[in-house]
Amino acid sequence: MQSLKKYRSKRDFSVTAEPEGSESPNGSAKKLLYVIQKHQASHLHYDFRLEWRGVLLSWAVPKGPSLDPAVKRLAARVEDHPVEYGGFEGTIPEGEYGGGTVMLWDRGTWTPEDPDVDEALGKGELKFALNGKKLKGSWVLVRTKGYGGSKKESWLLIKHRDRYASTEDVLEKKPKSVLSNKLLDEIAAGTRG
Ligand code: MN
């Protein structure tokens, strides 16, 4: 899944404002981007993205992240996205893939807590620290056996116990965009013209 072929094949870039993207290897000294986009498509979900090897590894999290280490949130692995997608907020035209409104819900950097990220991804257990505006501290993504007949890989996104762990509902407490400070419906209204 280290290619943008699938991402591009689903989109008509003459119609949608989403970036077409370019693949480039990570600069060694560069910090790795972390992004969560709140996406009101046919179903509301949160797209969790980690920059790795020049693309954004991506998971769709229907219920969004939880700060409570006792709560495991289902995260369906989806196709890699271009790094430029991490700056995208706005509306995807109806009828296009993922049509609906996208909010930049959180953004920052991430640091692997495993020495070998590719090996950790292969094994299905990636530990990392987030340094976003809303989410911080240690987390883990764990691959599961999967549900039903879904072809998508099922993972669980879980907060590790640290000083950023909490039972507070961060989705409810911090609903606004880190880019525009807007709510989802304000973004939808603003870009409809
Ligand atoms: Mn999405």
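Note that ligands are numbered from 1 as they come in the structure, with each ligand's atoms numbered from 1 the same way. One-based numbering along the sequence shown.
Taking 4.5 Å as the limit, every side-chain heavy atom of P62 sits out of range of all side-chain heavy atoms of H43.
Closest approach between the Mn ion (ligand 1) and any N/O/S atom of H45 involves NE2. When distances from the Mn ion (ligand 1) to the N, O or S atoms of D47 are compared, OD2 comes out shortest. Restricting H39 to its N/O/S atoms, the shortest distance to the Mn ion (ligand 1) is reached by ND1.
Residues W52 and D118 have side chains that bring a donor and an acceptor to within less than 3.5 angstrom of each other. No donor-acceptor contact under 3.5 angstrom links the side chains of R11 and T16, judged on distance only.
In this structure, the ring of Y85 has its center less than 6.0 angstrom from the ring center of Y7.
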